[in-house]
Number of protein chains: 2
Amino acid sequence: MKALTIGALARAAGVSVETIRYYQRRKLLRDDGPRQGAFRVYESADLIRLRFIRRAQTLGFSLDEIAELLRLDEIDDRVEARAMAQARLEEVERRIGQLNEIRDALASLVSCCEHTESPAPCPILHTLLDDGFLSRPPQR
Amino acid sequence: MKALTIGALARAAGVSVETIRYYQRRKLLRDDGPRQGAFRVYESADLIRLRFIRRAQTLGFSLDEIAELLRLDEIDDRVEARAMAQARLEEVERRIGQLNEIRDALASLVSCCEHTESPAPCPILHTLLDDGFLSRPPQR
DNA sequence: CTTGACTCCGTAGTCGGGTACGGAGTTTAC
DNA sequence: GTAAACTCCGTACCCGACTACGGAGTCAAG
């Protein structure tokens with residue numbers, strides 16, 4: 001249980017001090033912890049919490065969802081936590097499905113372009129003109 | 001070649017008038033077209049261009065990239081257009097790979113939670129505490 | 001006891017792709 | 001001829017997750 005300054009905590013978690021402050025404002029981390037003199041002191045529990053936040057982000061949870069996950073952890077509500085993970089899983093699967101369609105569309109555009117002679121109506125740009133293309137869901 | 005008002009064009013493309021104006025500001029659509037009286041008139045070429053933009057967005061191109069694609073179309077540079085589609089394809093494939101990892105991680109979290117008895121250390125929330133998790137790339 | 005690094009806190013700006021608002025002018029239908 | 005609907009244009013605001021900035025206070029090393 002060694003004490004950390006906010007800067008040391010940031011370095012340990014691989015985030016910036018600004019990010020930690022931002023999480024405090026968002027109530028993901030407490031900003032009313034103990035102080036030594038004028039400066040707040042953090043400890044390993046804070047680091048664990050911070051790492052949890054970053055990993056949950058990697059899984060695609062928003063900060064609001066992560067706040068909820070942390071709350072569920074505190075009240076030990078596993079049913080609800082599992083439901084959130086399940087919902088996220090389904091969302092990811094939907095997204096994978098969309099991206100597969102997009103991949104196929106792009107792949108056929110590319111190969112089609114490769115096999116078309118120069119004076120022909122370039123596929124890439126105008127296959128996109130066809131109707132009944134993919135329905136809309138991009139978001140990168 | 002029937003003339004359209006901006007409102008009719010918007011309805012035909014399924015976007016809002018505001019969106020069309022926004023694309024004009026971004027130089028994706030021209031805003032110096034002919035007018036009839038005080039109002040600009042649009043025609044099928046504009047509708048085609050607008051649909052192209054929306055379809056390219058569906059494939060995940062940004063508006064800047066779409067501007068570039070439109071430029072390449074004008075100068076008929078198929079090599080570069082194909083390169084952009086190829087790059088986009090690779091990006092999509094990377095993303096699919098990431099999402100597959102995320103899906104697996106979520107799935108194992110969920111099933112693990114389902115098969116753990118209540119007093120045990122709930123998996124969902126603290127598997128996330130393990131080291132060497134996924135490396136960072138979320139973006140929903 | 002000074003210097004430099006750090007901390008605290010508040011506010012503002014960034015990105016991308018729009019949406020919203022508001023006032024003034026125009027056009028169309030009745 | 002007037003009212004409703006539309007257009008034009010500019011500016012401001014939205015989302016999420018930060019990042020940047022600035023001034024003041026504080027702490028640790030030399």
Side-chain angles (χ1 to χ4, degrees), chain A residues 3-43 46 50 52-70 88 91 95 136-140, chain B residues 3-43 46 50 52-70 88 91 95 136-140:
Chain A
L4 301 168
T5 63
I6 195 172
L9 177 62
R11 275 188 300 279
V15 305
S16 75
V17 168
E18 299 303 322
T19 298
I20 290 176
R21 289 197 191 293
Y22 174 66
Y23 291 166
Q24 288 174 338
R25 265 175 267 139
R26 294 281 305 249
K27 306 291 178 200
L28 292 167
L29 297 176
R30 51 206 225 105
D31 63 350
D32 59 350
R35 294 180 181 231
Q36 266 180 13
F39 298 169
R40 263 186 274 280
V41 286
Y42 301 86
E43 32 142 2
D46 299 298
L50 190 42
F52 172 82
I53 294 168
R54 299 304 274 187
R55 294 203 178 105
Q57 276 187 302
T58 301
L59 293 182
F61 289 102
S62 70
L63 293 185
D64 278 351
E65 287 166 341
I66 293 169
E68 177 67 1
L69 285 172
L70 288 166
R88 185 81 208 113
E91 184 59 35
R95 185 74 186 124
R136 315 220 70 235
Q139 303 117 33
R140 296 261 103 182
Chain B
L4 301 168
T5 62
I6 194 172
L9 176 62
R11 275 189 298 278
V15 304
S16 75
V17 168
E18 299 301 320
T19 298
I20 291 176
R21 289 196 191 292
Y22 174 66
Y23 290 167
Q24 288 174 337
R25 267 176 266 138
R26 294 283 304 250
K27 304 293 179 199
L28 291 167
L29 297 175
R30 51 205 227 108
D31 62 350
D32 58 351
R35 292 180 182 234
Q36 265 179 13
F39 297 169
R40 262 187 274 281
V41 286
Y42 301 86
E43 32 142 2
D46 297 298
L50 191 42
F52 172 82
I53 293 168
R54 300 303 276 187
R55 295 201 177 108
Q57 276 187 304
T58 301
L59 293 183
F61 289 103
S62 71
L63 293 184
D64 277 353
E65 287 167 340
I66 293 169
E68 177 67 1
L69 284 172
L70 287 165
R88 184 82 207 113
E91 184 58 35
R95 185 74 186 124
R136 314 219 71 235
Q139 302 115 35
R140 294 262 104 181

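Labels below follow one simple rule: chain letters A, B, ... track the order of the sequence lines, proteins then strands, and each chain is numbered from 1.
To the nearest 0.5 angstrom, A/E65 atom CD is 11.0 Å from A/Q57 atom CD. A distance of 11.5 Å separates OG1 in B/T19 from CG in B/L28, rounded to the nearest 0.5 Å. Rounding to the nearest 0.5 Å places CZ of B/R55 at 10.0 Å from CG of B/L50.
For the helix from C/dC1-D/dG30 to C/dC30-D/dG1, the angle separating the two terminal helix axes comes to 10°, with each axis derived from five pairs and the value rounded to 10°.
Distance A/Q24 CD to D/dT19 P: 15 Å, rounded to the nearest Å. We find that OH of B/Y42 is positioned 13 Å from C1' of D/dC6, with the value rounded to whole Å. Spacing between atom CZ of B/R54 and atom P of C/dG17 amounts to 11 Å, rounded to whole angstrom units. The nearest whole Å value for the distance from the CZ atom in A/R40 to the P atom in D/dC27 is 13 Å. Remark: P of D/dC8 and CZ of B/R35 are 6 Å apart, rounded to the nearest angstrom. With rounding to whole Å, B/I53 atom CD1 is found 13 Å from C/dG17 atom C1'. Distance, A/D64 CG to D/dC15 P: 11 Å, rounded to whole Å. Following rounding to the nearest Å, B/I66 (CD1) and C/dG17 (C1') show an atom-to-atom distance of 11 Å.
Ion pair A/D32/A/R40 not flagged as a salt bridge, since none of the NZ, NE, NH1 or NH2 atoms sits closer than 4.0 Å to an Asp/Glu carboxylate oxygen.
Annotation for B/A38 and B/R35: closest pair O-NH1, 2.7 Å, computed over non-hydrogen atoms. A pairwise comparison of heavy atoms in B/S16 and B/A10 identifies C-CB, 3.9 Å as the closest pair.
Between B/Q57 and C/dG18, a side-chain N or O to OP1/OP2 separation shorter than 4.0 Å is present. Between B/S62 and the phosphate of C/dG16, there is no side-chain N or O to OP1/OP2 separation shorter than 4.0 Å. Contact between the side-chain N/O atoms of B/Y23 and the OP1/OP2 oxygens of C/dG17 is not found at any separation under 4.0 Å. For B/T19 and C/dT19, the shortest distance from a side-chain N or O to OP1 or OP2 is below 4.0 Å.
For the segment residues 7-16 of chain B, the set of residues with a heavy atom within less than 4.0 Å of an atom of DNA chain C comprises B/S16, in numerical order.
Judged by distance alone, with hydrogens and angles left aside, the side-chain atoms of A/R88 form a donor-acceptor pair with the main-chain N or O of A/L59 at under 3.5 Å.
With a 4.5 Å cut-off on side-chain heavy atoms, B/R21 and B/V17 count as touching. With contacts defined as side-chain heavy-atom distances shorter than 4.5 Å, the pair A/T5/A/F39 does not qualify. Looking only at side-chain heavy atoms (C-beta outward), A/I66 and A/R26 stay at 4.5 Å or farther from each other. Using a 4.5 Å cut-off on side-chain heavy atoms (C-beta onward), A/L29 and A/D46 make no contact. Taking 4.5 Å as the limit, some side-chain heavy atom of B/Y22 sits within range of a side-chain heavy atom of B/L63.
Remark: A/E68 pairs with A/R71 by the salt bridge (Lys or Arg N to Asp or Glu O under 4.0 Å) rule, at least two apart or across chains. Partners of A/Q24 by side-chain hydrogen bond (donor to acceptor under 3.5 Å, both in side chains), not counting sequence neighbours, listed by chain and number: A/Y42.
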Between protein and nucleotides 27-30 of chain C, what N or O pairs are separated by less than 3.5 Å?
from	atom 1	to	atom 2	distance (Å)
C/dT27	OP1	B/A38	N	2.9

Considering only nitrogen or oxygen atoms on both sides, find all protein atoms under 3.5 Å from nucleotides 10-14 of chain D and state each distance.
none

